[in-house]
K.L.:
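The structure under discussion is supplied below as structure tokens; questions concerning it will follow.
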Amino acid sequence: MSTHYDVIVIGGGPAGYPAAIRAAQNKLSVACIDEWQNFDGSYAFGGTCLNAGCIPSKALLESSELFQRAQHEFATHGIQVGEVKLDLAAMQRRRAAIVKTMTGGILAVFKSNGVVGIQGHGRLLAGNQVEVTAPDGTKTLISAKDVVLASGSTPIRLKTVPHDGKFIVDSWNALEFDAVPKRLGVIGAGVIGLELGSVWRRLGSEVTVLEAMDQFLAVADQTIAKEAQRHFKKQGLDIKLGAKVSSAAVAGDLVNVVYVDKQGEHTLQVDKLIVAVGRRPFTEGLLAADSGVELDARGFIQVDEHCRTSVPHVWAVGDVVRGPMLAHKGKEEGVMVADLIAGLFAEVNYKVVPSVIYTAPEIAWVGQTEEQVKAGGRAYKVGSFPFAASGRARAMEAGQGMAKIISASDDDEILGIHVIGPMAGELIAEAVLAMEYSASTEDLQRTIHAHPTLSEALHEAALAVDKRAIDAINR
Ligand code: FAD
Ligand code: AMP
């Protein structure tokens, strides 16, 4: 192992590994250090996203959705099948195999770009020196002109809800259940709670989601949130709003969950309890006392809009810095930093970071919600189009939800696009591109969309902004 590099990246998740690859593409010598260890003791690059987040959750969401459709939808298509049986072990083997292939892929890309991947713990010392502790405990000192910190985040734990990894679990444990819990409790109706609740509901659990806030999906446009809430209720997800969990305790093979709502205190008995109350930045053991890197009041590494920390030539990207905790946001920051280090122009447009919730129907948005636009005081127009009027959605037996576009009354600039419906997470890419190029709704109106596709819903929603939709009644 060499002892000096142009760039050292600490953390090999979706923020760190792209930073390493782009730095190598910029002809810099690069090492990327990562300490991720799986439950079976194996080490793997890819961080939370590939090992315990985005990818395994999407694998299970897809499998559970197919299970659900085979049971309840095939007959509508005229397909008669016998009894549909769940083989959870096979489903979990598929999930694990996908994760293994994807994390292995990072090593292959590292190799082809000449990135040195180091498995172990990295600690930033003063003067851009990094102490590496290998899995066997051996310590080595390496240094670099630039260091990128990408140590990610970790689930928030509640003191009064003691995690044991068996009955009271986090999102990672919940992706690796080897049996379907009969009764499942979820604390937190955020993105992770809703996705995991959906997986296990579809596979047969009775799911109760306890959410402290009175408003459902407060981060989303409320027209979309209301529509989502209706669908989740129909699917049997029991979402209790204004229900703040105060404590939980394991008793034998059960968990007693105490929560408080307007009516008073209640106890819910479940077989497993998932704590999904958010994530916090992870900086444990990352910074020596004299590294000079400053954290903000909430424990995030303090950075400017270009991800520069308080120390020259030390950068920080991804979940460990401010902004949405999303893999694609971290990736763009990693790539930006690697380009800036190489002296190239780079920036991240934080105004157009898309959000996706991979439930059924999917929910996706970019830009401002109608509530935010209203609060900002700018006059606006809204157009929406229901998937019930989309031929393709109907053909897919997925005519639920809508696309909604908000644009400025003065110059027609698109301010926000919100979709709930089939493949919303894919459809939102067009919205992101439109907003990245500061498109107006007229630009979308004049863009040809293939027929019959789901994307026509965005076209029609843009037309509806000016009450000129063709395939739906203009209101
Ligand atoms: P991480 O992915 O957390 O990676 C950090 C890496 O650094 C880890 O491997 C860690 O072990 C390592 N590390 C930390 N400290 C050190 C050190 N000192 N030395 C060496 N290594 C270190 N986001 C999406 O955009 N889409 C989704 O669909 C999505 N689904 C999710 C589902 C779940 C269940 C969860 C939990 C998260 C999901 N996320 C999703 C969020 C996404 O996983 C994170 O935003 C993303 O992983 C952040 O990337 P990161 O590189 O900043 O950090
Ligand atoms: P997110 O931050 O999007 O992952 O969502 C986490 C959710 O958990 C938020 O909507 C919080 O309101 C909710 N939450 C946090 N603590 C509690 C608690 N003690 N009881 C119920 N819900 C909680």
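Every number for a ligand or one of its atoms is a count from 1 in the order of the listing. Residues: numbered from 1 along the sequence shown. Not measured: the values here are computed from a predicted model.
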K.L.:
Side chains of R22 and Y17: any donor to acceptor distance under 3.5 Å?
P.N.:
no
K.L.:
With a 4.0 Å heavy-atom cut-off (strictly under), which part of L326 contacts ligand 1: side chain, backbone, both or neither?
P.N.:
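For L326, the contact with ligand 1 is made by both the backbone and the side chain.
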K.L.:
Provide, to 0.1 Å, the distance between atom 26 (N) of ligand 1 and the closest protein heavy atom, together with that atom's residue and name.
P.N.:
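The protein heavy atom lying closest is C54 SG, 3.8 Å.
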K.L.:
Counting heavy atoms only, which of E211, K244, R279, M213 is nearest atom 11 (C) of ligand 2?
P.N.:
E211
K.L.:
Check whether any N or O atom of A52, backbone or side chain, sits under 3.5 Å from an N or O atom of ligand 1, and answer yes or no.
P.N.:
no
K.L.:
Can we call the ring centroids of Y43 and W36 under 6.0 Å apart?
P.N.:
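Between Y43 and W36, the centre distance exceeds or equals 6.0 Å.
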K.L.:
Just to confirm my output: which protein heavy-atom neighbour is closest to atom 18 (N) of ligand 1, and how far is it?
P.N.:
G122 O, 2.8 Å
K.L.:
By number and element, which atoms of ligand 1 are closer than 4.0 Å to a non-hydrogen atom of G47?
P.N.:
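Counting atoms of ligand 1 from 1, those under 4.0 Å from G47 are 2 (O), 4 (O), 8 (C), 9 (O).
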K.L.:
Using every non-hydrogen atom in the two residues, find where F177 and L88 come nearest and quote the distance to one decimal.
P.N.:
O-CD2, 3.9 Å
K.L.:
Out of curiosity, is K58 lining ligand 1, as in a heavy atom under 4.0 Å away?
P.N.:
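Right, K58 reaches ligand 1.
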K.L.:
Of all the heavy atoms in R279, does at least one lie under 4.0 Å from an atom in ligand 1?
P.N.:
yes
K.L.:
Given that the side chain starts at C-beta and the backbone is N, CA, C, O, which of these parts of S153 lies under 4.0 Å from ligand 1, counting heavy atoms, or is it both or neither?
P.N.:
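The answer is the backbone.
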K.L.:
Any Lys/Arg nitrogen of E211 or K240 sitting under 4.0 Å from an Asp/Glu carboxylate oxygen of the other?
P.N.:
no
K.L.:
Using heavy-atom distances, let me know which of S151, P354, A316 sits nearest atom 14 (C) of ligand 1.
P.N.:
S151
K.L.:
When you compare the side chains of H313 and N128, does any donor N or O come within less than 3.5 Å of an acceptor on the partner?
P.N.:
no
K.L.:
So, is the end of the K272 side chain (NZ or CZ) under 6.0 Å from the ring centre of F167 and within 45° of the ring's axis?
P.N.:
yes
K.L.:
Only heavy atoms of L210, strictly under 4.0 Å: list the atoms of ligand 2 that pass.
P.N.:
21 (C), 22 (N)
K.L.:
For ligand 2, which atoms sit closer than 4.0 Å to a heavy atom of A243?
P.N.:
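Numbered from 1, ligand 2 contributes 20 (N), 21 (C).
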K.L.:
Check contact between P155 and ligand 1, using heavy atoms of the residue and a distance below 4.0 angstrom.
P.N.:
no
K.L.:
Below 4.0 Å from any atom of ligand 1, is there a heavy atom belonging to G330?
P.N.:
no
K.L.:
Residue-level breakdown please: for F45 versus ligand 1, do any non-hydrogen atoms fall below 4.0 Å on the side chain, on the backbone, on both, or on neither?
P.N.:
neither
K.L.:
Please determine, by modelled atom types, if S63 and R94 share a side-chain donor-acceptor pair under 3.5 angstrom.
P.N.:
yes
K.L.:
Report the part of K329 in contact with ligand 1, treating N, CA, C, O as backbone and CB onward as side chain, heavy atoms under 4.0 Å; options are side chain, backbone, both, neither.
P.N.:
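Neither part.
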K.L.:
Nearest to atom 32 (C) of ligand 1 by heavy atom, G53, A150, G46: which?
P.N.:
G53
K.L.:
Looking only at N/O atoms, are L175 and ligand 1 under 3.5 Å apart anywhere?
P.N.:
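No, L175 has no N/O under 3.5 Å of an N/O on ligand 1.
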K.L.:
Considering non-hydrogen atoms of the protein only, which is the closest contact for atom 25 (O) of ligand 1, and what is the distance?
P.N.:
A327 N, 2.8 Å
K.L.:
When only distance counts, is M325 in polar contact with ligand 1, meaning an N/O pair under 3.5 Å?
P.N.:
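Yes; the residue has a nitrogen or oxygen that sits under 3.5 Å from a nitrogen or oxygen of the ligand.
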K.L.:
Of the choices T160, V245, V257, which has the non-hydrogen atom that lies closest to atom 20 (N) of ligand 2?
P.N.:
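It is V245 whose heavy atom sits nearest to atom 20 (N) of ligand 2.
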K.L.:
Is there a heavy atom of V320 sitting under 4.0 angstrom from any atom of ligand 1?
P.N.:
no
K.L.:
To check your reading of the model: name the closest protein heavy atom to atom 8 (C) of ligand 1, its residue, and the distance in Å.
P.N.:
D34 OD1, 3.5 Å
K.L.:
Run the numbers for me: atoms of ligand 1, each under 4.0 Å from some heavy atom of I33, listed by number.
P.N.:
20 (C), 21 (N)
K.L.:
Check the orientation of F45 and F110. Use parallel for under 30°, tilted for 30 to 60°, and perpendicular for over 60°.
P.N.:
perpendicular
